[in-house]
Amino acid sequence: MLQVAFIRAHKEKVLQGLNVRNFKDAARQVEEIIRLDDQRKQLQQQNDELLARGKAMAKEIGLLMRAGKQEEAHERKAQTAELKARSKALTEQRKATEAELTQLLYNIPNIPHPKVPAGTTEADNIVAKEVGEIPALPEGAKPHWELIEEYDIIDFNLGVKITGAGFPVYKGKGAKLQRALINFFLDEAEKAGFTEVQPPIVINEDSGYGTGQLPDKEGQMYHVASENFYLIPTAEVPITNMYRDVILTEEQLPIKHVGYTPCFRREAGSWGSHVRGLNRLHQFDKVEIVQIQHPDKSYEALEEMSGYIQSLLQKLALPYRVLVLCGGDLGFTSALTYDMEVYSAAQQKWLEVSSVSNFENFQANRLKLRYKTADKKTQLLHTLNGSALALPRIVAAILENNQTPDGIKVPGVLVPYCGFRMID
RNA sequence: AGAGGAGUGGCAGAGUGGUCGAAUGCGGUGGUCUUGAAAACCAUUGUACCGUAAGGUACCGGGGGUUCGAAUCCCUCCUCCUCUGCCA
């Protein structure tokens, strides 16, 4: 959520930014926000005045009672009735105004960084970098959904039986490969200075609001109705929410965490033939890195995180490219996002395996995540996160790219983790 | 899950209807003293909103209510502790 003060101070910048996102009706909404905020201020001022008078009267009544002047006290009491009624009305108006204002603010996405290119769809994303050789597969190379059946390592039908589509069962070497990847990613992150956490994978409503899944995106999460909890769509939610309503000192910065969790996504309406196999699931594993940074250093941190994620892909020897997301493809809460895509050679497709973003203070504003400056002012921090990495598509690419007539070669860095060199 | 108890400032802890944003202690910060340090002493020390400022308002787990007036009374939710039960 943007701060009203920021919108007021940088109206042109906000409008330009929203334009990069192809956000409709921006000018009117911005004006409306400012108008509502003015109204809010005015209502509060009026009400504060009434409350101050009421408070003074209550004190007088107390003194009169003590002095035994019952009659005078009763006269005063009668006078407070009107004050109370007016104050109540003003409070209601103020709350209504605030609700309307918040609703509008929730609707305004983050302002893109100047680097973000204009554009409407993923076709307008900029390919910043392409690394690694695309392997030339032999004749008859198979897509991963055939390979997993052939080697019996991941079973979709069993998952359907137990739960439903998109909840695969990993078996034998398939399960071990999962575990190896998770441990490899966690160990690497630890070496890069990220402290591991194991957060809950169900969250309450407050946390959903904190990172922006709520309101409006509840349809993308599984909901535990009996407790009003949600299954996390990403570890970003619980990990970032550890710092909800927190005021840090500058010395504590940066905060760097890594966490492995399963992730749950309903993906309502986004199912289709193009999402076969591991390309899109309802439950998948992901190692996530989260960073909380000083506003002056957040872009430095973004580059560092991007570099770190790329180092993982290089160690896994997967060909990848880095995209700078355009305004139309940029997530609601993000100011700048890089997507990392690996090439899955049998599908002949680039698959997104990581998305690393700087949210600047957009999330921090909702979270009330702040720090104290040297001169004791409280200021919003910047939050960043990135997948490092999401497993299923990495597995898809490994299976497809490393297939040989004798089986699938496991990337060297994973061998110590899984204990075998080949899936055969 | 049942019975009982409790949630107050960074921490500890007083306050059970009136001048309480809240005693006191510890901690933090600044200062005095000192060659320096410690000790002692003095001052200061929450968050948010409104206001150019002076100042005002709100917040004592969250929400609602009673009252002229609520940290204090009532309702509700949450959390923690003790005992009983259940369980990986």
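So you know, we letter chains A, B, ... as the sequences are listed, proteins then strands, and number each from 1.
Between A:Glu31 and A:Arg28 no salt bridge is recorded (no basic side-chain N to carboxylate O distance below 4.0 Å).
In this structure, CG of A:Leu369 is placed 16 Å from P of B:rU47, rounded to the nearest angstrom. Rounded to an integer number of Å, the gap from CG of A:Asp245 to C1' of B:rG62 is 12 Å. Atoms CG (A:Asp206) and P (B:rC77) sit 17 Å apart, rounded to a whole Å. For the pair A:His74 NE2 and B:rU67 C1', the computed distance is 13 Å after rounding to whole Å. Put simply, CD on A:Gln46 is 16 Å from P on B:rA58, counting in whole angstrom units. Atom CD in A:Glu49 sits about 17 Å away from atom P in B:rG55, given to the nearest Å. In this structure, CG of A:Asp37 is placed 7 Å from P of B:rC50, rounded to the nearest angstrom. Between the NZ atom of A:Lys88 and the P atom of B:rG64 there is a distance of 12 Å, rounded to whole Å.
If you take atom P in B:rA70 and the same atom in B:rC60, they sit 11 Å apart, rounded to whole Å. Look at the C1' atom in both B:rA6 and B:rA14: the space between them is 16 Å, to the nearest Å. B:rA71 and B:rU16: their P atoms are spaced 13 Å apart (whole Å). To the nearest whole angstrom, the two P atoms, one in B:rG30 and one in B:rA37, are 12 Å apart. Separation of the P atoms belonging to B:rU76 and B:rG2 is 14 Å when rounded to the nearest angstrom. B:rU24 and B:rG9 have their C1' atoms separated by 13 Å, with the value rounded to a whole Å. B:rG69 and B:rA43 have their P atoms separated by 37 Å, with the value rounded to a whole Å. When the C1' atom is compared between B:rG25 and B:rU45, the two are found 15 Å apart, to the nearest whole Å.
Checking the phosphate oxygens (OP1, OP2) of B:rA48, a side-chain nitrogen or oxygen of A:Thr378 falls inside 4.0 Å. OP1 or OP2 of B:rA58 has not a single side-chain nitrogen or oxygen of A:Arg94 nearer than 4.0 Å. When the side-chain nitrogen and oxygen atoms of A:Lys77 are compared with OP1 and OP2 of B:rG69, none of them lie within a distance under 4.0 Å. Between A:Lys55 and the phosphate of B:rA70, there is no side-chain N or O to OP1/OP2 separation shorter than 4.0 Å. Within the structure, every side-chain polar atom (N or O) of A:Arg40 is placed at least 4.0 Å from both OP1 and OP2 of B:rC49.
The partner of B:rG27, taking Watson-Crick or G-U wobble pairs whose two distances both stay under 3.5 Å, is B:rU45. When both pairing distances are held under 3.5 Å, B:rU34 makes no Watson-Crick or G-U pair with any nucleotide shown. Under the Watson-Crick or G-U wobble criterion, with both distances below 3.5 Å, B:rU72 has no partner in any strand shown. Searching all strands for a Watson-Crick or G-U wobble partner of B:rA88 with both distances below 3.5 Å returns nothing. With a cut-off of 3.5 Å on both pairing distances, B:rG51 has no Watson-Crick or G-U wobble partner at all. Summarising the base pairing, B:rA6 is matched to B:rU79 through a Watson-Crick or G-U wobble pair whose two defining distances lie under 3.5 Å.
If you check every strand for non-hydrogen atoms under 4.0 Å, A:Leu63 touches a base. When heavy atoms are screened at a 4.0 angstrom cut-off, A:Ile61 is found touching base atoms of the nucleic acid.
Note: A:Thr80 OG1 to A:Leu50 CG = 12.0 Å, rounded to the nearest 0.5 Å.
Closest to the A:Ile247 side chain, of the nucleotides B:rG64, B:rG51, B:rU47, is B:rU47. The side chain of A:Lys59 has B:rU19 as its nearest neighbour among B:rG69, B:rU19, B:rC49.
Between A:Tyr222 and A:His282, the angle of the ring planes goes over 60°, which puts this pair in the perpendicular group of the 30/60° scheme. A perpendicular orientation is assigned to the rings of A:Phe362 and A:Phe332, their planes being inclined by more than 60° (bins at 30° and 60°).
Heavy-atom nearest nucleotides on RNA chain B were determined for A:Ala52 and for A:Lys95, and the one closer to the 5' end corresponds to A:Ala52. Heavy-atom distances to RNA chain B give each of A:Arg370 and A:Leu51 a nearest nucleotide, and the one nearer the 5′ end belongs to A:Arg370.
With a 4.5 Å cut-off on side-chain heavy atoms, A:Phe6 and A:Ile111 count as touching.
For A:His223 and A:Tyr230, the ring centers sit closer than 6.0 Å to each other.
Applying the side chain to side chain donor-acceptor pair (under 3.5 Å) test to every pair with at least one member in residues 364-374 of chain A, sequence neighbours left out, gives these pairs: A:His294-A:Tyr371, A:Tyr371-A:Gln379, A:Thr373-A:Asp375.
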